[in-house]
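The figures here come from the full heavy-atom set of this structure, side chains too, leaving out hydrogens, waters and symmetry mates. A quick note: this is a predicted structure, and the numbers were derived from the prediction, not measured. We name chains A, B, ... by the order of the sequence lines, and we start the count at 1 in each one.
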Protein chains: 2
Amino acid sequence: MERPEWNVMVATCPSRTSLARIANKWTAMIVMALDPGRLRFGEIREAVGGISGKVLSETLRQLERDGVVSRTAYDQMPPRVEYELTPLGRSLHQPMAALAAWAQDHIEEVQLSRNAFDEREDERLVG
Amino acid sequence: MERPEWNVMVATCPSRTSLARIANKWTAMIVMALDPGRLRFGEIREAVGGISGKVLSETLRQLERDGVVSRTAYDQMPPRVEYELTPLGRSLHQPMAALAAWAQDHIEEVQLSRNAFDEREDERLVG
DNA sequence: CAGGATCCATTTTGATACTG
DNA sequence: CAGTATCAAAATGGATCCTG
């Protein structure tokens with residue numbers, strides 16, 4: 001049961017491709033949106049503020065390919081398609097939620113830092 | 001001590017900008033590289049496989065702006081610049097490491113899923 | 001050595017229109 | 001409704017040259 005001795009820090013490690021996909025804001029938000037349960041395409045779109053239909057369908061497709069979400073299309077008119085986290089996808093939720101929580105919990109500190117940095121930058125340019 | 005009632009799922013929430021930065025493979029790897037202790041620019045570059053000088057300097061600059069890393073430049077020739085995680089940055093390490101660990105731990109499952117998906121795709125195109 | 005500047009190729013994202 | 005196709009715009013990434 002040996003794992004390869006390399007890791008994501010190695011450019012050619014296969015897991016780098018997986019990290020590249022999950023270390024992405026859209027992926028993070030879609031996984032969080034689907035955590036409570038299966039949703040229709042349009043419902044995900046409402047849940048993830050600001051995402052375009054194109055980006056959503058493309059990202060969902062990649063996540064389906066990676067086995068993170070499953071897709072169920074009902075043969076109806078108009079169409080009805082539902083997405084759900086797979087067991088693999090559910091195992092991803094906790095890390096993703098932790099990342100989002102960090103962003104929310106530290107946004108004030110980050111903003112203060114940005115303001116200070118930009119001020120230093122300004123007076124450096126002015127001299 | 002009330003937090004705003006919105007969150008990263010809301011497009012206009014400030015924390016969205018923070019999530020966008022940390023939900024990024026380069027950020028993840030740089031934070032992990034710096035976890036053991038301060039490193040010089042070139043050392044980070046070696047630690048993070050495949051990163052270019054341009055991307056590294058740009059990303060470090062953003063992370064410095066956000067207060068995640070601190071930068072120390074020694075007035076020498078040739079230059080010597082060291083980077084270190086701030087306390088804020090150290091608080092980010094755990095979530096980042098969890099994400100990287102997920103990528104590594106599940107890469108085989110992901111790859112199997114990708115292969116199966118691509119095969120289904122192929123036979124769908126062939127018919 | 002640590003970067004900034006520049007030029008380009010690639011990728012990502014977004015609007016819009018269209019269809020089963 | 002859930003996409004796909006298309007075009008344009010913007011962001012990202014890489015390679016190279018240059019400097020203190």
Side-chain angles (χ1 to χ4, degrees), chain A residues 8 11-12 16-17 19-30 33-34 38-66 69-84 117 120-121 124-125 127, chain B residues 8 11-12 16-30 33-34 38-66 69-84 117 120-121 124-125:
Chain A
V8 290
T12 52
R16 176 72 72 92
T17 65
L19 178 66
R21 171 134 312 284
I22 65 177
N24 171 293
K25 68 178 175 192
W26 297 126
T27 297
M29 288 188 284
I30 289 172
L34 287 175
R38 62 166 47 203
L39 291 179
R40 296 183 57 164
F41 184 89
E43 293 173 327
I44 305 175
R45 187 170 180 171
E46 286 174 48
V48 178
I51 196 169
S52 70
K54 182 187 173 189
V55 169
L56 178 56
S57 73
E58 286 173 350
T59 306
L60 282 172
R61 192 170 166 75
Q62 293 302 315
L63 292 177
E64 185 193 0
R65 187 171 101 101
D66 284 9
V69 309
S70 62
R71 177 180 183 278
T72 308
Y74 299 89
D75 200 352
Q76 300 176 358
M77 198 57 190
R80 174 187 187 85
V81 182
E82 294 185 343
Y83 294 88
E84 187 179 15
F117 183 93
R120 286 197 301 274
E121 196 66 1
R124 194 183 63 80
L125 293 177
Chain B
V8 290
T12 54
R16 176 72 72 93
T17 65
S18 186
L19 178 66
R21 171 134 313 284
I22 63 177
N24 172 293
K25 68 178 176 191
W26 297 127
T27 297
M29 289 188 283
I30 290 172
L34 287 175
R38 61 167 48 205
L39 290 179
R40 296 184 56 166
F41 184 89
E43 293 173 326
I44 305 176
R45 188 168 178 173
E46 287 173 49
V48 179
I51 195 169
S52 71
K54 181 190 175 187
V55 170
L56 179 56
S57 73
E58 285 173 348
T59 307
L60 282 172
R61 193 169 166 73
Q62 292 302 316
L63 292 177
E64 185 194 1
R65 187 170 101 99
D66 284 8
V69 309
S70 62
R71 176 180 183 278
T72 309
Y74 299 90
D75 201 352
Q76 299 176 359
M77 198 56 191
R80 174 188 187 84
V81 182
E82 294 186 342
Y83 294 87
E84 188 179 15
F117 183 93
R120 286 196 301 275
E121 195 67 3
R124 194 182 63 79
L125 292 177

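Put simply, CG on B:L56 is 10 Å from C1' on C:dG3, counting in whole angstrom units. Rounded to whole angstrom, the span from the CD1 atom of A:I30 across to the C1' atom of D:dA2 amounts to 14 Å. As a whole-Å value, the separation of A:F41 CZ from C:dT19 P is 19 Å. What separates CZ of B:R80 from C1' of D:dG20 is a distance of 17 Å, to the nearest Å. Taking atom CD of residue A:Q76 and atom C1' of nucleotide C:dT19, one finds them 18 Å apart after rounding to whole Å. A:R124 has its CZ atom 12 Å from the C1' atom of C:dG3, to the nearest Å. Atom CD of B:Q62 and atom P of C:dG4 are 11 Å apart (whole Å). One can place OH of B:Y74 at 12 Å from P of C:dA2, the figure rounded to the nearest angstrom.
In terms of phosphate contacts, A:R71 brings no side-chain nitrogen or oxygen within less than 4.0 Å of OP1 or OP2 of D:dA2. For A:Y83, a side-chain nitrogen or oxygen approaches OP1 or OP2 of D:dG3 to under 4.0 Å. Between A:R40 and D:dC1 there is no side-chain N or O to OP1 or OP2 distance below 4.0 Å.
Contact of the B:V48 side chain with the B:L56 side chain is not registered, since no non-hydrogen atoms from C-beta on lie closer than 4.5 Å. At a threshold of 4.5 Å between non-hydrogen side-chain atoms, the residues B:Y83 and B:E43 do not count as touching. Taking the side chain as every heavy atom from C-beta outward, A:L60 and A:R71 never approach each other to under 4.5 Å. The closest side-chain heavy-atom distance from A:R61 to B:F117 is below 4.5 Å. Residues A:D66 and A:I22 are not in side-chain contact: their nearest non-hydrogen atoms beyond the backbone lie 4.5 Å or more apart. Between A:I51 and A:M29, every side-chain heavy-atom pair lies at or beyond the 4.5 Å cut-off.
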Show each protein N/O and nucleotides 11-15 of chain C N/O combination with a separation under 3.5 Å, one pair to a line.
{"unit_1": "C:dT13", "atom_1": "OP1", "unit_2": "A:W26", "atom_2": "NE1", "d": "3.2"}
{"unit_1": "C:dT13", "atom_1": "O4", "unit_2": "A:K54", "atom_2": "NZ", "d": "3.1"}
{"unit_1": "C:dG14", "atom_1": "O6", "unit_2": "A:K54", "atom_2": "NZ", "d": "2.5"}

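For B:M77, counting side-chain heavy atoms from C-beta on, the closest listed nucleotide (C:dG4, D:dA2, D:dG20) is D:dG20.
A:E121 has a carboxylate O that lies under 4.0 Å from a charged side-chain N of A:R124, or vice versa, which qualifies the two as a salt bridge.
Looking at heavy-atom distances under 4.0 Å, B:G53 makes no contact with the nucleic acid at all.
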